[in-house]
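Predicted model only: the values in this text are computed from it and were never measured. Below, all heavy atoms of this structure are taken into account, side chains as well, without hydrogens, waters or symmetry copies. Note that the numbering runs from 1 along the sequence shown for the chain.
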Amino acid sequence: MVATEIEKREEVAMKAAVKITGSELLLRCLVEENVEHIFGYPGGAIMPVYDALYSYADKLKHFLVRHEQGAIHAAQGYARVSGKTGVVFATSGPGATNLVTGLADALIDSTPVVCITGQVFAHLLGTDAFQETDVINTTLPVTKWNVQVTEAKDIAPAIAKAFYIAASGRPGPVLVDITKNAQNELIEEEPYVPCTHVRTYQPKPVLSMADVQAAATLINQAKRPYLLAGQGVLLANATQELIAFSEKTGIPVASTLLGLGAFPTDHPNYVGYLGMHGNYGPNINTNECDVLIAVGMRFDDRVTGNVSKYAKQAKVIHVELDKAEINKIIRAEVAIHADAKEALTALTPLCSANRYPDWIASFTRLNQEEFEKVVEKEISNTNSLKMAEVVYMLSELTQGKAVVVTDVGQHQMVTSRYYQYKNPRTSITSGGAGTMGFALPAALGAKVAAPDKQVIAIIGDGGYQMTIQELGTIMEYEIPVKILVLNNNFLGMVRQWQQLFHGKRYSFTEMRNPDFIKIAEAYHIRADKVTHQKDLKAALENMLDAASAYFLEVVVEKEDNVFPMVPAGAGVAEVILEIPQKNRAS
């Protein structure tokens, strides 16, 4: 009996004495945070982590990208579709600095990403050692929070805090930089403690019912109320609450670029897409409404145009989680500092049931004018293939239910206008930063997050070539993403501005492109090319039906323009539907 007791004690003591490396501790922390997928690229300073990862293949699926920028964009696509936090591994120096563009993109678009970078040994910090970069100060402006860890004991607390900060409140990117000695150091493992609060950080504000009541009073008195839905609706998972609010109050809803999918486009109260290339009715009526309700949007300049001319007649209600955005650009009559779900849940019961048939009819008339002057010509053009025709047909074939990932440029605006999104978290694009090269890696990340959904990357020929190497990642892991390149042999959006405002001086925007079909086939990806309208539908159907990755190039009109358009410096009500006469003459 005594011997058995001694043996038990010795066994307990032996278990307590077992130590693991900081690298393995890191991976165990990720498992505790329910991480399943990682996008990364190895290197010297993070090699101990990759060595430990070798034994975690059954718990953590790692995707070797072809460039670190591809890793963070893939993590963004993964996060935006799944609602989870994306995870990235990169090494020190250039590995870390290659993440900066994606960090900036994730910060302004409120995307939760945790980047873990390796760093040189602690005793070499500040010595300009090989591949040493001051990643903390480099990434400080483009992260929600960052930290450098130089001892293994600090790894678990740093990871816990990183995941908490990245996903709570207004989401954003976080970076944890871990020195190589901390990765190698042996440490006794202790139970993982998730982070649930950080002193001085209050991600969830206390809802003021007085503000909610004040908003309800304005809404109940309104004759022409109008709601603008932003990405905050999606981040708060408040789509159903928004639908319920609109259906009770009868208030028309328009969507920002990042808010697409927050409100179904086939709903009778949906009036269109806002912004520089948004629908005619939503832009014009911004300056006609008497109460403007902005939910989870930040009044970006692409939505407001010239702020001195923006909705001066309206009383503004701003529902916003990030207090820094309230009264930053547009002054609010009533500000509700809360997330969209909580605010709409509290607001709806206080609002009167109502209908505004004449007010909604005014949107319909304006959008009908847009249809006659712009849309009809775009989708039923018989002379050449247009971007709008391609996207419109794709939307019809997929019934607006695919996950669509766009890059930046004309194709992005055309897709936002002509793809009819029915579901939340299906429109993935680079908004605030406008990052060309975003779509291809983001699409592969989106497909990893949603393997059972149709995921389509719509890309221009310019942005496609910025991260084209990620075809290698798609090939290696057999990710069945669909890639649709609209090729006009131009940097189209810049060319449009050169045509309209710079006398058609096409300075360095025309592109001589490679054979995209041969490149796709070199990566063992099925490929096809369309140059005639008669072949378009069959080609799109073949792409959608493919069980594997598929590349489709559609050669579109070279000087195709995107209208409507709010010119630079103009107010939203000065939106134009066609090329001004003076520009045609030039």
Side-chain angles (χ1 to χ4, degrees), residues 80-81 83 109-110 215 219 222 224-275 277-283 285-286 289 291-300 302-303 317-321 336 338-348 351 353-357 359-364 366-367 370 395 398-404 406 413 415-429 431:
R80 295 268 288 274
V81 169
D109 282 356
S110 307
I219 291 168
R224 298 181 307 281
Y226 180 26
L227 190 146
L228 314 182
Q231 188 186 202
V233 176
L234 297 166
L235 295 175
N237 296 315
T239 295
Q240 292 306 314
E241 287 75 11
L242 177 59
I243 292 171
F245 174 81
S246 177
E247 288 181 345
K248 179 181 180 181
T249 62
I251 295 175
V253 176
S255 172
T256 67
L257 174 64
L258 291 184
L260 288 167
F263 198 83
T265 56
D266 56 355
H267 194 285
N269 287 354
Y270 182 74
V271 294
Y273 159 59
L274 289 163
H277 292 286
N279 295 118
Y280 198 50
N283 278 318
N285 277 350
T286 297
C289 65
V291 172
L292 186 67
I293 310 158
V295 182
M297 54 88 75
R298 58 188 180 85
F299 291 109
D300 177 78
R302 285 298 198 259
V303 166
I317 298 168
H318 194 181
V319 178
E320 175 56 48
L321 181 61
I336 301 177
D339 86 333
K341 193 182 194 79
E342 186 177 25
L344 290 170
T345 299
L347 184 60
T348 302
C351 292
N354 214 330
R355 293 292 178 271
Y356 301 94
W359 174 228
I360 289 181
S362 71
F363 285 92
T364 304
L366 290 166
N367 286 339
E370 176 189 339
S395 182
T398 59
Q399 299 180 312
K401 295 178 180 179
V403 174
V404 177
T406 56
M413 296 296 99
T415 303
S416 301
R417 288 176 44 75
Y418 290 95
Y419 196 88
Q420 299 302 307
Y421 297 94
K422 300 299 189 297
N423 300 314
R425 294 189 179 276
T426 56
S427 173
I428 313 300
T429 195

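Met297 and Val303 get closest at one heavy-atom pair: CE-CG1, 3.9 Å. A pairwise comparison of heavy atoms in Val319 and Ala338 identifies CG1-O, 4.1 Å as the closest pair. Contact detail for Thr429 and Arg80: the closest heavy-atom pair is O-NH2, 2.8 Å. Of all heavy-atom pairs between Asn269 and Ser246, the closest is ND2-OG, 3.0 Å. Looking at every heavy atom in both residues, Phe245 comes nearest to Cys351 through CE1-SG, 3.8 Å. Pairing each heavy atom of Leu347 with each of Ala215, the nearest pair is CD1-CB, 4.1 Å.
Looking at Thr265, Leu257, Thr256 one by one, the single match for side chain to side chain contact (heavy atoms under 4.5 Å, CB included) with Tyr273 turns out to be Leu257.
A side-chain donor-acceptor contact under 3.5 Å links Thr348 to the backbone of Leu344.
Summarising the local packing, NZ of Lys401 is surrounded by 12 or fewer heavy atoms from other residues, nucleotides or ligands at distances under 6.0 Å.
Residues Thr398 and Tyr419 have side chains that bring a donor and an acceptor to within less than 3.5 angstrom of each other. The closest side-chain donor-acceptor pair between Glu370 and Asn279 falls under 3.5 angstrom.
Remark: Lys341 pairs with Glu241 by the salt bridge (charged side-chain N to carboxylate O under 4.0 Å, His left out) rule, at least two apart or across chains.
Put simply, OH on Tyr280 and CG on Asn285 are 10.5 Å apart, with the number rounded to the nearest 0.5 Å.
Ser416 places a side-chain heavy atom less than 4.5 Å from the side chain of Leu260.
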